[in-house]
Amino acid sequence: MSHPLSEKEIQKLPSPCFVVDETLVLKNLQTLQSVQEATGAQILLALKAFSMFSTFPLLKKVLHGTCASSLNEARLGREEFDKEVHTYSPAYTKSELEKILPLSDKVLFNSFGQWEKFQTTIKPYLDQVLFGFRINPQHSEGQTAIYDPCAPCSRLGIPADQFATYVSKHPNTLDGITGLHFHTLCEQDSYALERTLQAFENACSPYLSKMNWINFGGGHHITRSDYNVEHLIQLINCFKEKYQVQIYLEPGEAVVLHTGFFITTVLDIISNDKQIAVLDTSAVAHLPDVLEMPYQPELVNAAKDSRYPYKYLLTGSTCLAGDLIGEYSFPEELSIGQRLIFLDMAHYTMVKTTTFNGINLPSIALKKAESGELKVVRSFSYEDFKARLS
């Protein structure tokens, strides 16, 4: 994958800096729109993956709204996207839920206990908000345990076997419930969804005809080059026709897959068994998925294998010993002050940054589609670091 930035633009940007290219976002939106047009399904932006609200005027031309996992995300969705807001949390406090309800169009509960606990709280909103349950189909598709919502002992969603047993004993539990939600995928294709749907139907088919809407969750890599979009369309249409429900999908990554870049600078080069390049960024503070997933991001004009003659271990500038991005080979020697560009840096990047060790947050830039203008839309300072502390 290449990048859309000229050398002049790269040098003008602050470092470190996230850059999102609207032209590439539009390409993804075209794919998502084709799914919506072919199925009637409605696609939401998962704010937990991407919350760059300067792109919302573009995104909301196609997407039907946002899905939130907290009060702050629900408020951001309402204030900046201002279309449908679906909110889910593993657990609500009364004070949070009282603020979430007027912001949301749909609110999902994670347990029977929470649904029953907050009946008085939701009563004034029964004519304004639709309510649903999140179901754990007890069917894992994820390859990374930390991102598997259906792993053993998961707290995310009502286990399917418990759902069926409880509702059969307490049929009035579904009074006021109009939809169900499940989520099993992580960067996966339509065939993983097909297996999940089978597990979900096996567990919940007696109740699906009573629902008005079903949310297929996130993790759908719809805009990936090898994703079978036609198979997804077939799955959605078959399910929709069978149960006569509105279908929602809430991908985070697919909306901005391969649309973002991260500019960083070589601060120093150290020799200690290997050549070590210290960058003005940090895996732990700026790119935490590198350590959590873990994975090694793609880098422009470099390789993750030994195909080139010059090898460097790229590291962060915090004092954490494990602040390591990975080892790369380069066709030429690196130099101090050189700019490096990491690829696919929109999703699960900006939303996860921290000021650990006092390191400054990366700037955020947007390359506009129509004008081609590259503009820094947000910079951060000491005040942002200090404001988080007391």
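Tyr308 and Glu332 form no side-chain donor-acceptor contact under 3.5 Å, judged by distance and modelled atom types alone. With 3.5 Å as the limit, one finds no donor-acceptor pair spanning the side chains of Trp115 and Thr173. A donor-acceptor contact under 3.5 angstrom links the side chains of Tyr88 and Asn110, judged on distance only. Remark: the Gln275 side chain and the Ser271 side chain contain an N/O donor-acceptor pair separated by less than 3.5 Å. A donor atom on one side chain and an acceptor atom on the other are not found under 3.5 Å apart for Asp21 and Thr259. Checking Thr196 against Thr184 by side-chain atom types alone, a donor-acceptor pair falls below 3.5 Å. Asp280 and Thr264 are linked by a side-chain donor-acceptor pair at a separation below 3.5 angstrom, with hydrogens and angles left out of the test. In the model, Ser306 has a side-chain atom that pairs as donor or acceptor with a side-chain atom of Lys311 under 3.5 Å. Between Glu230 and Gln234, the side chains place no donor N or O within less than 3.5 Å of an acceptor N or O (distance only, hydrogens not considered). Counting only N and O atoms by type, the side chains of Asn212 and Thr178 include no donor and acceptor under 3.5 Å apart. Side-chain N/O atoms of Thr355 and Arg388 include a donor and acceptor closer than 3.5 Å. Between the side chains of Thr353 and His286, not a single donor N or O lies within less than 3.5 Å of an accepting N or O. If you check the side chains of Gln198 and Glu194, you find no donor sitting under 3.5 Å from an acceptor.
Scanning all heavy atoms of the two residues, the minimum distance from Phe342 to Pro297 falls at CD2-CG, 3.7 Å. For the residue pair Asn28 and Leu257, the shortest heavy atom distance occurs at ND2-O, 2.9 Å. Contact record, Leu13 with Ala365: CD2-CB, 3.9 Å, taken as the closest heavy-atom pair. Closest approach of Asp189 and Leu185 over heavy atoms only: O-CD1, 4.3 Å. Among all heavy-atom pairs drawn from Asn136 and Cys150, the shortest one is OD1-SG, 3.2 Å. Pairing each heavy atom of Glu98 with each of Tyr125, the nearest pair is O-OH, 4.2 Å.
Using bins of under 30°, 30° to 60° and over 60° for the plane-to-plane angle, the ring pair Phe112/Phe163 lands in the parallel bin. The aromatic rings of Tyr166 and His170 lie parallel to each other, their planes meeting at an angle below 30°, with 60° marking the opposite boundary.
Counting heavy atoms from C-beta on, the side chains of Phe53 and Glu79 never come closer than 4.5 Å. Two residues are said to be in side-chain contact when any heavy atoms from C-beta on lie closer than 4.5 Å; Ile236 and Ile233 fail this criterion. Two residues are said to be in side-chain contact when any heavy atoms from C-beta on lie closer than 4.5 Å; Leu361 and Phe385 fail this criterion. Tyr248 has its side chain within reach of Gln246: a pair of non-hydrogen atoms, C-beta onward, lies under 4.5 Å apart. Taking the side chain as every heavy atom from C-beta outward, Val255 and Leu32 approach each other to under 4.5 Å. Between Leu45 and Cys67, the closest side-chain pair of non-hydrogen atoms is not below 4.5 Å. Using a 4.5 Å heavy-atom cutoff, the side chains of Val245 and Phe239 are in contact. Side-chain contact between Thr315 and Ile270 is absent, with no heavy atoms from C-beta onward closer than 4.5 Å.
A salt bridge is absent between Glu80 and Arg75; no separation between the charged side-chain nitrogens and carboxylate oxygens falls under 4.0 Å. By the 4.0 Å N-to-carboxylate-O rule, Asp384 lies close enough to Arg378 to be salt-bridged with it. Between Arg224 and Glu187 there is no salt bridge, since no side-chain N of the basic residue sits under 4.0 Å from a carboxylate O of the acidic one. For the pair Lys304 and Glu298, the salt-bridge criterion is met [side-chain N within less than 4.0 Å of a carboxylate O]. Of the charged side-chain nitrogens involved, none lies within less than 4.0 Å of a carboxylate oxygen, so that Glu373 and Lys367 do not count as a salt-bridged pair. Looking at Lys106 and Glu84, a side-chain N of the basic residue comes within less than 4.0 Å of a carboxylate O on the acidic one, giving a salt bridge.
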Start with the C-alpha distance between Asp105 and Arg78, add both sets of side-chain angles, then the distance that settles salt bridge (Lys or Arg N to Asp or Glu O under 4.0 Å), and finish with yes or no. CA-CA 10 Å; Asp105 297 282; Arg78 177 56 65 207; 2.9 Å; yes
Hey, mind stepping through Glu292 and Lys352 against salt bridge (Lys or Arg N to Asp or Glu O under 4.0 Å) and telling me if it holds? CA-CA 11 Å; Glu292 291 177 8; Lys352 285 192 166 188; 2.9 Å; yes
Walk me through whether Gln33 and Gln30 qualify under side-chain hydrogen bond (donor to acceptor under 3.5 Å, both in side chains). CA-CA 5 Å; Gln33 178 66 356; Gln30 289 172 358; over 6 Å; no
Just do the side-chain contact (heavy atoms from CB on, under 4.5 Å) check on Val351 and Lys48 with the steps written out, would you? CA-CA 7 Å; Val351 294; Lys48 68 176 183 178; over 6 Å; no
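Judged by distance alone, the side chain of Asn357 and the main-chain N or O of Cys319 form a donor-acceptor pair under 3.5 Å. Remark: the backbone N or O of Glu141 is paired with a side-chain donor or acceptor of Gln188 at under 3.5 angstrom. With hydrogens and angles disregarded, no donor-acceptor distance shorter than 3.5 Å links the side chain of Gln114 to the backbone of Ser111. Counting only distance, with no hydrogens or angles, the side chain of Ser371 and the backbone of Lys368 share no donor-acceptor pair below 3.5 Å.
The line from CG of Leu156 to OG of Ser89 is 9.5 Å long, rounded to the nearest 0.5 Å. In this structure, SG in Cys204 is found 5.0 Å from CD1 in Ile135, a value given to the nearest 0.5 Å. Rounding to the nearest 0.5 angstrom, the gap separating the OG atom in Ser205 from the NZ atom in Lys242 is 7.5 Å. In this structure, Tyr243 OH and Cys238 SG are separated by 11.5 Å, a value rounded to the nearest 0.5 Å. Note that NZ of Lys83 is 8.0 Å distant from NZ of Lys60, once rounded to the nearest 0.5 Å. Atoms CD1 and CG, on Ile269 and Leu334 in that order, are 5.5 Å from each other to the nearest 0.5 Å.
The neighbour count for Gln143 CD, taken as heavy atoms of other residues, nucleotides or ligands under 6.0 Å away, does not exceed 12. Heavy atoms of other residues, nucleotides or ligands lying less than 6.0 angstrom from CD of Gln244 number more than 12.
Both Val256 and Tyr295 are assigned to one and the same hydrophobic cluster, defined by single-linkage of ILVMFWY side chains at heavy-atom distances under 4.5 Å. Residues Val85 and Ile122 are members of separate hydrophobic clusters, defined by side-chain heavy-atom contacts under 4.5 angstrom among Ile, Leu, Val, Met, Phe, Trp and Tyr. Linking Ile, Leu, Val, Met, Phe, Trp and Tyr residues whenever their side-chain heavy atoms come within less than 4.5 Å places Ile325 and Met293 in a single cluster. Under a hydrophobic-cluster definition in which Ile, Leu, Val, Met, Phe, Trp and Tyr are linked whenever side-chain heavy atoms come within less than 4.5 Å, directly or via other members, Leu340 and Ile364 are assigned to the same cluster.
Between Phe182 and Phe216, the ring center distance clears the sub-6.0 Å criterion. Taking the six-membered ring wherever Trp is involved, the centroid distance between the rings of Phe81 and Phe56 falls below 6.0 Å. Between Tyr312 and Phe330, the distance from one ring center to the other falls under 6.0 angstrom.
Checking each of His220, His231, His221 against Ser190 for a side chain to side chain donor-acceptor pair (under 3.5 Å) leaves exactly one that passes, namely His231.
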